[in-house]
Amino acid sequence: DTEVTQTPKHLVMGMTNKKSLKCEQHMGHRAMYWYKQKAKKPPELMFVYSYEKLSINESVPSRFSPECPNSSLLNLHLHALQPEDSALYLCASSQNRGYEQYFGPGTRLTVT
Amino acid sequence: DQQVKQNSPSLSVQEGRISILNCDYTNSMFDYFLWYKKYPAEGPTFLISISSIKDKNEDGRFTVFLNKSAKHLSLHIVPSQPGDSAVYFCAASDDSSASKIIFGSGTRLSIRP
């Protein structure tokens, strides 16, 4: 099983809403990542979890709050987002830090 | 400052011919390089990687070449097939920040009949 799953596929939320994005992998990978990708741009790293602990936060605004409940799950909690936060949010996992990262299909987020 | 550069935003190749995608980098500390393929509305898919101790890595129709002195790598796809039409991202990482991979801006490859 080399699959990373993400839910939901699409999300539309208002600026006052609270929502969560979910990511799951069952490959036994110990590193998990959140990326943000805008149209015609490369993915930008947001957070890295290694062995369920946050190891990298790329100066992401606090309206994005990651959580790693266990080694297979990664959540991204969203609150008070801005329209410019609309993007494709990608989750990835890797065997360990620095190994090839496997990406999920992404959640297309629109903030109205 | 772009540490990983893909200077060709798009490339069109005839089916059956060789596709060559190029990538340049500026950080001499990078020691691991990857190529990803991305279809619209999907996440990137890992294709092939190469360590800085090698100058070539081959996997089926895909071959990556690394020229460390020129800080240049390329991905060769031969023969090119219609399903290869996608955006290709070059990426790089270094041992000191092993969790971070820096992506290039991507090259859109179109395979024409």
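Every chain is numbered from 1 and lettered A, B, ... according to where its sequence line falls, protein lines coming before strand lines.
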Does atom [atom1] of [X] have more than 12 heavy-atom neighbours from other groups under 6.0 Å away?
{"X": "K38(A)", "atom1": "NZ", "result": "yes"}
{"X": "R30(A)", "atom1": "CZ", "result": "yes"}
{"X": "R17(B)", "atom1": "CZ", "result": "no"}

Residues that, via side-chain heavy atoms closer than 4.5 angstrom, fall in one hydrophobic cluster with L54(A):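 Cluster partners of L54(A): L11(A), M13(A), M15(A), L21(A), M32(A), W34(A), M46(A), F47(A), Y49(A), V60(A), F64(A), L74(A), L76(A), L78(A), L81(A), Y89(A), L109(A), V111(A).
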Hydrophobic cluster identity match, Y35(A) and L73(A), side-chain contacts under 4.5 Å: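 No, Y35(A) does not connect to L73(A) through the hydrophobic network.
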ILVMFWY network linking F65(B) to W35(B), side-chain heavy atoms under 4.5 angstrom: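 No.
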Heavy-atom closest contact (P42(A) atom, G104(B) atom, distance):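 Scanning both residues, the minimum pair turns out to be CB-O, 3.0 Å.
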Minimum-distance pair of heavy atoms, taken over all atoms of L90(A) and G43(B):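 Closest approach of L90(A) to G43(B): CD2-CA, 3.7 Å.
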Gap between atom [atom2] of [Y] and atom [atom1] of [X] - 0.5 Å precision:
{"X": "F103(B)", "Y": "Q37(A)", "atom1": "CZ", "atom2": "CD", "result": "8.5 Å"}
{"X": "E42(B)", "Y": "F103(A)", "atom1": "CD", "atom2": "CZ", "result": "13.5 Å"}
{"X": "S49(B)", "Y": "Q101(A)", "atom1": "OG", "atom2": "CD", "result": "12.0 Å"}

Any K100(B) side-chain heavy atom under 4.5 Å of V48(A) side chain: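 Sidechains of V48(A) and K100(B): no contact.
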E100(A) versus Y36(B), side-chain donor and acceptor atoms under 3.5 Å: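 Their side chains do not contain a donor-acceptor pair, so the 3.5 Å distance test is not met.
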Contact list for residues 5-28 of chain A, test salt bridge (charged side-chain N to carboxylate O under 4.0 Å, His left out), sequence neighbours left out: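 Output for this query is empty, none listed.
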E58(A) versus chain B, the contacting section by heavy-atom distance below 4.5 Å: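 Just the side chain, heavy atoms under 4.5 Å.
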Portion of Q6(A) that has a non-hydrogen atom of chain B nearer than 4.5 angstrom: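 No part of Q6(A) comes within 4.5 Å of chain B.
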Test side-chain contact (heavy atoms from CB on, under 4.5 Å) applied to Y33(A) and I101(B), step by step: CA-CA 11 Å; Y33(A) 311 78; I101(B) 57 174; over 6 Å; no
